[in-house]
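Atom set for the values below is all heavy atoms of this structure, side chains included, hydrogens, waters and symmetry mates excluded.
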2 protein chains.
Amino acid sequence: MNISAASGAAGLPVKTVRYYADIGLVSASSRTASGYRLYDDGAVRKLVFIRRAREFGFSIDECRELLSLYEDQHRSSADVKRIASKRLGEIAKKQRELQSLHDELAHLVDACRGDDRPDCPIIDGLDHRHADM
Amino acid sequence: MNISAASGAAGLPVKTVRYYADIGLVSASSRTASGYRLYDDGAVRKLVFIRRAREFGFSIDECRELLSLYEDQHRSSADVKRIASKRLGEIAKKQRELQSLHDELAHLVDACRGDDRPDCPIIDGLDHRHADM
DNA sequence: TATTGACTCTCCAGTTACTGGAGACGCTAC
DNA sequence: GTAGCGTCTCCAGTAACTGGAGAGTCAATA
């Protein structure tokens, strides 16, 4: 399986697959005589694993950690749960922040007439007069 | 007002204030003979404006746009509302994405016993067997 | 007056996770 | 054999800073 087949199977751009090989995350299983990367099923599985983990918001370093757990037959699920729970907490925090941002901005947008007059509650809301809100 | 006073007043790191000057976002109002940046109230107000807009998730380029509207006495609030509404839509989209991520990951974490045994639904959930979920 | 310590300057490198492009080589089909 | 892909490596750029080096500046103290 050459790199484009592997990237297609994994749902990742070719560039990204090459990048993951460069940083030692998922290497090609072998090379052709002319230097083309070859990926076997195991390597593709790892690529999919990484893609999914990235979609969950795990950083590359966290992916590295998860991958080593994934590859380790003796890993405890406690290790995995610890990492995943940490991520879950971060996601929840991000959600709360986004919510307050959303509410604040929505309030300003609602208050804005959106006509051609220069008076604008959004600009005012961003200005220093309300900087401590 | 030197740079540290301005950064303190604006609630931004000194490095960031210098960076904003470098990229032509908010310049110092003047310099001392020895080259120290000096900020007047107007410049500080702009820095605060930018900090707030950044907190709302506006990109630097959007901040540039908002700042020009902010500085333009003749800007219509329609322009501002358009930009803010776009941002609001993006925030809502991000919220929905985070929500589904959260739900999915929370489900996996819930299903994980978190003991020393290698069987782990989180790892399985990240693996290719469920890649199409 | 000399010196200490904090502050500032510019410039360069590093961060994250890629993405784009150049220039060269390989592969396949007609 | 040549056209048109695919692939290789390497370099640069992205966003929005952050950290650090090395040098100059300023205010207060000994």
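In terms of heavy atoms, A/Arg54 sits closest to A/Ser59 at NH1-CA, 3.9 Å.
Between A/Ser4 and A/Asn2, the side chains place a donor N or O and an acceptor N or O closer than 3.5 Å (distance only, hydrogens not considered).
With A/Thr16 contributing its side chain and A/Leu12 its backbone, the two residues share no donor-acceptor pair below 3.5 Å. For the pair B/Ser27 (side chain) and B/Gly24 (backbone), a donor-acceptor distance under 3.5 Å is absent. In terms of modelled atom types and a separation under 3.5 Å, the side chain of A/Arg51 and the main chain of A/Ala10 share a donor-acceptor contact. The closest donor-acceptor contact from the side chain of B/Ser29 to the backbone of B/Asp40 lies under 3.5 Å.
When the C1' atom of D/dG6 is taken as reference, atom CE of A/Met1 falls 16 Å away, rounded to whole Å. Regarding B/Ile23, its CD1 atom lies at a distance of 14 Å from the C1' atom of D/dT14, rounded to whole Å. Whole-Å rounding puts the B/Tyr36 OH to C/dC7 P distance at 11 Å. A/Phe58 places its CZ atom 17 Å from the P atom of C/dT16, with the value rounded to the nearest Å. Nucleotide D/dT18 holds its P atom 13 Å from the CD1 atom of B/Ile3, rounded to whole Å. Rounded to a whole Å, the CD1 atom of A/Ile50 is 15 Å from the C1' atom of C/dC18. Distance A/Leu38 CG to C/dG26 P: 15 Å, rounded to the nearest Å. Here C/dC9 presents its C1' atom at 11 Å from CG of B/Asp22, a figure rounded to the nearest Å.
Taking only side-chain atoms of B/Ser59, from C-beta outward, the nucleotide of C/dT8, D/dA16, C/dC9 with the closest atom is D/dA16. Here C/dT10 is the nucleotide among D/dC26, C/dT10, D/dC8 with the atom lying nearest to any side-chain atom of B/Arg37.
Close to C/dT8, at under 4.0 Å from its OP1 or OP2, lies a side-chain N or O of B/Ser4. Dashed line: the shortest gap from a side-chain N or O of A/Arg31 to OP1 or OP2 of D/dT9 is under 4.0 Å. For C/dC27, one of the phosphate oxygens OP1 or OP2 lies less than 4.0 angstrom from a side-chain nitrogen or oxygen of A/Ser34. Here B/Asn2 does not reach the OP1 or OP2 of C/dC7: none of its side-chain N or O atoms lies under 4.0 Å away.
Where B/Thr32 and B/Asp61 each meet DNA chain D at their nearest nucleotide, the meeting point lying more 5' is that of B/Asp61.
DNA chain D is contacted by B/Pro13, B/Lys15, B/Thr16, B/Tyr19, B/Tyr20 of residues 8-20 of chain B, taking any non-hydrogen atom closer than 4.0 Å.
In the displayed structure, A/Asp41 atom CG is contacted under 6.0 Å by at most 12 heavy atoms of other residues, nucleotides or ligands.
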